[in-house]
Amino acid sequence: MDNILTVNNLCAFHTGTSRSEENSKQKKRRQILFNVSFAVKSGEILGLVGESGSGKTTLVKTLLGINKDFTGKVEHYSEKPQMIFQDPYSSLNPVRKVGWILEEALKIKGNFSKDERKKKVAYILGKVGLDDNIAERFPYQLSGGQRQRVSIAAALITEPRLLIADEPVSALDVTIQSQILDLLNMLHQEMGLSIIFISHDLRVVYKMCERILIMNKGIIIEEGNRQDIFDNPKSAYTKKLLAAAGYYDK
Amino acid sequence: MIKKEKNYNLIIGGIITAVLMIFMFIGIFYTPHDPNAMDSSLKYADMSLKNLFGCDNFGRDLFSRVMTGSLATFNVALITVLTGTFFGVLIGALTGYYGGIIDEILMRVNDTIFAFPSILLALVFVSILGSGRNTIILALGIAFIPSFARIVRAEFLKYRDMDYIISAKLMGAGNLRIMFVHILPNTYRILLPAIIIGFNNAVLAEAGMSYLGIGVQPPHPSLGYMLSDAQSHFSQMPMMALAPGTVLILLILGFSLLSDGLSKSKAY
């Protein structure tokens with residue numbers, strides 16, 4: 001399989017005040033990622049697991065080009081990846097209707113007539129399992145699950161080949177969680193979409209991902225297929241994670 | 001479901017403002033008498049059907065003068081506030097969105113203007129450019145920029161790192177598009193009441209300036225100028241002060257209630 005994204009020897013930095021010294025004006029530049037290398041194959045769901053503070057967010061920001069302070073190589077083999085966020089309440093512009101939000105991506109990309117845009121919006125809404133009339137609503141009129149579906153629609157309307165999902169279900173109810181996961185799985189299969197699936201929830205990762213990266217303190221600790229990682233973890237950190245989730249007995 | 005209470009502030013403020021606006025609008029095309037025509041036979045004439053508010057010391061019809069005078073005041077206030085809002089939004093958006101060194105420089109300039117009393121600023125302009133309507137608009141407009149810039153900057157700071165702004169960036173939206181299409185509409189709940197309060201301040205400031213004789217120039221009426229005129233004739237003709245004063249109060253009251261009502265009405 002071809003790669004859709006390769007990352008080589010990535011070291012990323014973050015400049016800012018840490019929480020403990022918020023009042024001081026001095027900003028510190030800290031290294032967050034240490035020699036991170038991995039590849040995302042076309043058409044796979046790659047799980048990225050790590051506790052908070054492990055550098056997941058910095059990694060994502062670097063991959064998306066938002067964080068520009070890094071050394072190493074990030075190579076995309078497709079158009080810009082799109083992203084869905086953890087909190088469906090802050091990922092949609094509250095003063096805009098759903099239809100506007102979805103059309104905006106097409107307007108920016110250009111060369112779509114008004115009719116084409118409307119058609120695409122209706123199509124993508126159907127794809128994520130929402131009614132057409134949702135387009136006429138504001139985000140605050142929707143439930144958490146519906147909002148997350150809209151976020152997915154907004155990310156996918158320009159037909160990217162790589163989607164980064166940053167804890168896409170951890171803010172949702174368990175029943176809604178499995179609906180959204182099923183939806184992502186379906187889109188993955190139907191559209192040949194590659195997904196980087198970030199989560200701290202091993203159950204969810206087990207359900208979704210064929211290949212898994214375990215990350216801690218800015219280093220990739222372990223990389224392997226789902227079965228290898230869950231049945232035969234090599235590093236002590238992975239064992240600890242699995243044990244904490246009830247998957248592994250010491 | 002919460003029972004929807006009637007928003008009396010909005011309703012009453014709307015009615016007062018609407019009535020005043022109608023009279024001002026009519027005043028553009030029609031006034032019962034020429035507001036500047038003098039008639040010595042009507043000097044200090046009492047209220048009557050012919051002269052609704054009576055006449056002033058030159059026999060000019062007070063009702064007509066209030067109609068055109070309030071329009072003049074309204075115009076100055078409106079242009080002032082729009083100027084202040086326009087540049088305030090521009091500066092606030094740039095500083096809030098980009099931050100860094102531009103933010104530091106512009107906000108310190110902002111603080112300097114903010115610390116400067118607007119009357120003093122107006123007097124500086126008047127001494128350079130001469131007194132008149134445009135000078136007042138310019139001076140007040142500049143004096144109004146900092147307060148809007150601050151409000152907008154704070155809002156932009158709040159919104160610029162939201163997930164939906166990041167996702168707009170990922171879609172490839174340019175900085176200007178993000179600032180004015182994605183973020184700016186989010187600020188209207190804060191900005192709109194601020195504009196209305198700013199308008200009230202501008203009405204008062206214009207009246208104050210004209211009262212001091214550096215605003216709208218005679219013989220053209222404005223509310224402040226009419227009030228200053230009325231001073232020496234108050235005992236003979238109280239209506240000379242009461243008429244423009246009442247309209248001034250109503251204008252500000254109407255807009256204050258409107259602003260109050262707007263910020264209470266929950267769009268979402």
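Here the structure is a predicted model, which is why all the values come from computation and not from measurement. Proteins come first, then strands; the chains are lettered A, B, ... in the order of their sequence lines, and each starts at number 1.
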Got a sec: does the [atom1] of [X] have more than 12 other heavy atoms crowding it under 6.0 Å?
X: A:Phe13; atom1: CZ; value: yes
X: B:Phe25; atom1: CZ; value: no
X: A:Phe112; atom1: CZ; value: yes
X: B:Ile28; atom1: CD1; value: yes

Between B:Leu184, B:Ile183, B:Asn186, which is the residue that forms a side-chain contact (heavy atoms from CB on, under 4.5 Å) with A:Val95?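 Answer after filtering B:Leu184, B:Ile183, B:Asn186: B:Asn186.
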What part of [X] is in contact with chain B, defined as an atom under 4.5 angstrom from a non-hydrogen atom: side chain, backbone, both or neither?
X: A:Ser91; result: both
X: A:Ala154; result: both
X: A:Lys109; result: neither

Looking only at heavy atoms, what is the nearest atom pair of B:Ser167 and A:Phe85, with distance?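 Smallest interatomic distance, heavy atoms only, reads CB-CE1, 3.6 Å.
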Taking A:Arg96 for its side chain and B:Val181 for its backbone only, find out whether a donor-acceptor pair lies under 3.5 Å.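 Judged by distance alone, yes, a pair lies under 3.5 Å.
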Taking C-beta and beyond as the side chain, do [X] and [Y] meet within less than 4.5 Å on heavy atoms?
X: A:Gln82; Y: B:Met171; value: yes
X: A:Asn93; Y: B:His182; value: yes
X: A:Ile66; Y: B:Lys169; value: no

Report the distance from atom CG of B:Leu170 to atom CD1 of A:Ile108, rounding to the nearest 0.5 Å.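 Rounded to the nearest 0.5 Å, the CG-CD1 separation comes to 10.5 Å.
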Rounded to the nearest 0.5 Å, how far does CD1 of B:Ile166 lie from NZ of A:Lys61?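 Result: 5.5 Å between the selected atoms.
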